[in-house]
4 protein chains.
Amino acid sequence: MPSVPRKPDPTRRSERSRQAILEATRELISEVGYAKLSVEAIAARAGVGKQTIYRWWRSKGAVVFDSFLALSEGVDGMALPDTGDIEADLKAVIRATVAEFADPTFEAPIRALNLEIASDPDLAAQYREKLAGPVDEAKKERLRSAQRAGQIAADADLDLALELLYAPLYQRWLLRSGPLTPEYADAVVDHVLRALRP
Amino acid sequence: MPSVPRKPDPTRRSERSRQAILEATRELISEVGYAKLSVEAIAARAGVGKQTIYRWWRSKGAVVFDSFLALSEGVDGMALPDTGDIEADLKAVIRATVAEFADPTFEAPIRALNLEIASDPDLAAQYREKLAGPVDEAKKERLRSAQRAGQIAADADLDLALELLYAPLYQRWLLRSGPLTPEYADAVVDHVLRALRP
Amino acid sequence: MPSVPRKPDPTRRSERSRQAILEATRELISEVGYAKLSVEAIAARAGVGKQTIYRWWRSKGAVVFDSFLALSEGVDGMALPDTGDIEADLKAVIRATVAEFADPTFEAPIRALNLEIASDPDLAAQYREKLAGPVDEAKKERLRSAQRAGQIAADADLDLALELLYAPLYQRWLLRSGPLTPEYADAVVDHVLRALRP
Amino acid sequence: MPSVPRKPDPTRRSERSRQAILEATRELISEVGYAKLSVEAIAARAGVGKQTIYRWWRSKGAVVFDSFLALSEGVDGMALPDTGDIEADLKAVIRATVAEFADPTFEAPIRALNLEIASDPDLAAQYREKLAGPVDEAKKERLRSAQRAGQIAADADLDLALELLYAPLYQRWLLRSGPLTPEYADAVVDHVLRALRP
DNA sequence: CGATAAACGAGACGGTACGTCTTGTCTTACG
DNA sequence: CGTAAGACAAGACGTACCGTCTCGTTTATCG
């Protein structure tokens, strides 16, 4: 009589339930916030048994994570604008990022996602692989284009470049340590480009 | 029947209880982690009634926060080393910061503190005022010294400078998105100093 | 260093506080019922420190008890009507008792008192001595008068007689096991008088 | 968000938990007395979650009540002895009742039950229907037999008769207003039978 | 009259228990 | 066998009171 939990058979998984759970999760995060999100409420809202959630996800955080992953599923083929002017292009992108952070609609869910990732190394790994990775690759592609155009040092560390560009915004937003304005976006870009100049 | 909650009288507060609570909180975070920290356990460990906690703190997060605040109480008169060489000084400081982040002893508590701050705007404000503020001021003082020495542009935005220096580390650590090595510390300093050059 | 609790000095007792406590107790029993009565609420309502209650009373029940005792303080010199007709006199008295039980104003407090007495042998003893005793004596005096008039057996056990008269009412009221009507009162008197006939 | 409390589904109720709760309740009343009985302790002793108690019972009193109800479940087919001599039979029964009241083992639980009933009209109604009703019916049946035998007036009010017989005992016991002896039992029976004579 | 000691109001304290909420597991009935 | 439903054991939540323990502040004798 083995007490090893049988693994569920993925082929029999109900797609309808899965979708309902992810959608209910997104709704509830917007409505009550992440701190007050409960598995109980997700199951009720999704019209699903709690066991169905526990069968397919390790933790509440994993559900939250997947509910975001599902959103950005079709967004793979993303590419940053490339007008040939790296400064203009980056400012546009960073300003857009700032605007997104400032949008109160995204505030709660993105914060929930980030707290979950910061708490759970497994989710962080998934996050890097499934979400951040592809996006970062697209960003680095634009930087490589700038390298080819001689606007950025050929030997620049592009991972570090991305961190210099995005981390200040991220930190300000997460810790609410200062205003996120377009001017701030521009200033960051200006500084980072100066650091990366050939 | 007034629903206005009576405010506790701070003059009658038991210092012994306050200390016991903060200490118990620190111990428990180290032992069971922040996610499993409960007010009930804090009270039990501190030999204190739960009401004594709820009387003086708004939330579990506020207790956690204060338990850290208490630690760094005497650290006000801090000042960064100033050998006259801003690059060497910054590299030393940033390498030290990286080492601190890597120390597994501090990992759990600092992460707990950061999650708490990221979740609660009130605590974030307190954090800036009581903890980050003074520390940042000391850091900026060192940068001002570099400005006077002509090593950094006289009109540099020092708040932004700090963010460029520290946010990449912070992000890597929080999201575990990359290794935190002395080399990385040096690279960040090199880039930022290039951006700030007169 | 004796840990024997100093006994309070009765001569210094604040009559104003004592009255306020007893009055607040009576009010609160009427308002929230006995089950939800708390020492905390009594103290608050009376504008009195909790210690002042604990200094002078052993328990909440003792306060409740005293609050009733205080009411019936001046009622010592009571005597039952004596028209010479024991049947008519008893019916009048028992009907009055029934009416008192039925009065919703007295319902809650009397019930509280009785529950307290039933729970606490000490209070029961006090009750017999200070409240029930004198009243019963007056009732027995009327029965003795009936004995002298030859309406009741000369050797009747008057304590038993009182119980036969009052206990049926008491039980019906306490357990709500039947209606308390004037007809019921008369029926009880009729039966008991038959049992006591010479 | 409906505030209507979901009703539990009685078909899924765990009989094992129900029994454990009722048994733990009986044990605890005997051990610590009714006043110090707590839902928390019942749940712990029964190895049951508190919610399982609150799911199926309105109040602590209801649990106490049911724990007694459960005891006297099979006792329906009760009948009083009928030797043809109503006086002897009643004396035997009333003496037995007196003895039961005097038994210290039953003292605490029965008192708890009575206090609960006296406090809560709902429980009182249940008590009459489920416990007192059947028992009283059996007693009245014996009295009817006496009526047929011409030992008691044919038109006697049997409910009143029962109250005259039992209420004096009940009152003495509950208020501890006098000793409960076999002689007392006999005296009550003698008086009541005199009152009921044809 | 002024010292001093007790009772006083206020309310913080260590605790217990409350009744509710959520977690993760288990059971039942259906498809 | 996955599922919706939901009961279950466990235990934390935040609140209400308990009875004890300081705090100053009256108050009321007594030196």
Side-chain angles (χ1 to χ4, degrees), chain A residues 5-6 8-14 16-17 20 36-41 43-44 46-56 58-60, chain B residues 5-14 16-17 20 36-44 46-56 59-60, chain C residues 5-14 16-17 20 36-44 46-56 58-60, chain D residues 5-14 16-17 20 36-44 46-56 59-60:
Chain A
R6 274 177 304 98
D9 176 352
T11 67
R12 315 196 63 168
R13 181 166 189 178
S14 158
R16 138 194 282 277
S17 291
K36 296 198 170 177
L37 181 67
S38 71
V39 174
E40 202 114 328
V48 137
K50 279 200 293 176
Q51 197 57 43
T52 302
I53 297 180
Y54 285 111
R55 186 159 25 235
W56 301 109
R58 290 194 306 95
S59 69
K60 187 174 68 178
Chain B
R6 265 182 308 100
K7 265 206 208 138
D9 176 353
T11 69
R12 318 196 68 177
R13 182 165 190 179
S14 159
R16 139 192 283 276
S17 292
K36 295 198 172 176
L37 180 67
S38 71
V39 174
E40 205 119 317
I42 296 173
V48 139
K50 280 201 287 177
Q51 199 59 40
T52 300
I53 297 180
Y54 286 110
R55 183 156 30 231
W56 301 109
S59 69
K60 188 175 66 176
Chain C
R6 270 182 305 99
K7 268 209 203 136
D9 175 353
T11 68
R12 317 196 62 160
R13 181 166 190 177
S14 160
R16 140 194 281 275
S17 291
K36 296 198 170 176
L37 181 67
S38 71
V39 173
E40 205 117 325
I42 295 173
V48 137
K50 281 200 289 176
Q51 197 62 261
T52 300
I53 296 181
Y54 286 110
R55 185 159 24 234
W56 302 110
R58 290 194 307 94
S59 69
K60 186 176 69 176
Chain D
R6 265 185 307 102
K7 266 209 204 133
D9 175 352
T11 68
R12 319 196 63 169
R13 181 165 191 177
S14 159
R16 139 194 283 275
S17 291
K36 296 198 171 176
L37 180 68
S38 71
V39 174
E40 206 117 319
I42 295 173
V48 138
K50 281 199 289 175
Q51 196 64 268
T52 300
I53 296 181
Y54 286 110
R55 191 170 8 246
W56 301 109
S59 68
K60 187 175 66 176

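The shown structure was predicted, so the numbers you read here are calculated from the model rather than taken from an experiment. We name chains A, B, ... by the order of the sequence lines, and we start the count at 1 in each one.
Here the shortest heavy-atom pairing between B:Ala43 and B:Gly49 reads CB-C, 4.3 Å. For the residue pair A:Leu37 and A:Lys60, the shortest heavy atom distance occurs at O-NZ, 3.0 Å. For the pair D:Ala20 and D:Ala46, the tightest heavy-atom approach, listed with the atom from each and the gap, is O-CB, 3.5 Å. When all heavy atoms are compared, the tightest approach of C:Pro8 to C:Pro10 is O-CD, 3.3 Å.
Toward the 5′ end of DNA chain F lies the nearest nucleotide of A:Arg16, the other residue of the pair A:Arg16 and D:Arg13 mapping further downstream. Position along DNA chain E of the nearest nucleotide to C:Trp56 versus B:Ala46 favours C:Trp56 as the more 5'-ward residue.
Interatomic distance, CZ of C:Arg55 versus CG of C:Asp9, reported as 11.0 Å (0.5 Å rounding).
Nucleic acid contact for B:Arg55: base, since at least one base atom lies under 4.0 Å from a heavy atom of the residue.
For the pair A:Ile53 and A:Lys50, the minimum side-chain heavy-atom distance is 4.5 Å or more.
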Do any N or O atoms of the protein come closer than 3.5 Å to N or O atoms of nucleotides 13-17 of chain F, and which pairs are they?
residue: F:dC13; atom: OP1; partner: B:Val39; partner atom: N; Å: 3.0
residue: F:dC13; atom: OP2; partner: B:Val39; partner atom: N; Å: 3.1
residue: F:dC13; atom: OP2; partner: B:Glu40; partner atom: N; Å: 2.9
residue: F:dG14; atom: OP2; partner: B:Tyr54; partner atom: OH; Å: 2.5
residue: F:dG14; atom: O5'; partner: B:Tyr54; partner atom: OH; Å: 3.4
residue: F:dG14; atom: N7; partner: B:Lys50; partner atom: NZ; Å: 2.8
residue: F:dG14; atom: O6; partner: B:Lys50; partner atom: NZ; Å: 2.6

Polar pairs (N or O, both sides) under 3.5 Å between protein and nucleotides 29-31 of chain F?
none

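Rounding to whole angstrom units, CD1 of residue B:Ile53 and C1' of E:dG14 are separated by 12 Å.
The side chain of A:Thr52 sits closest to F:dT3 out of E:dG14, F:dT3, E:dC8. When each of E:dA12, E:dG14, F:dA9 is scored by its nearest atom to the side-chain atoms of B:Ser17, the top-ranked nucleotide is E:dG14.
The side-chain contact (heavy atoms from CB on, under 4.5 Å) search around A:Arg16 returns A:Ser14, not counting sequence neighbours.
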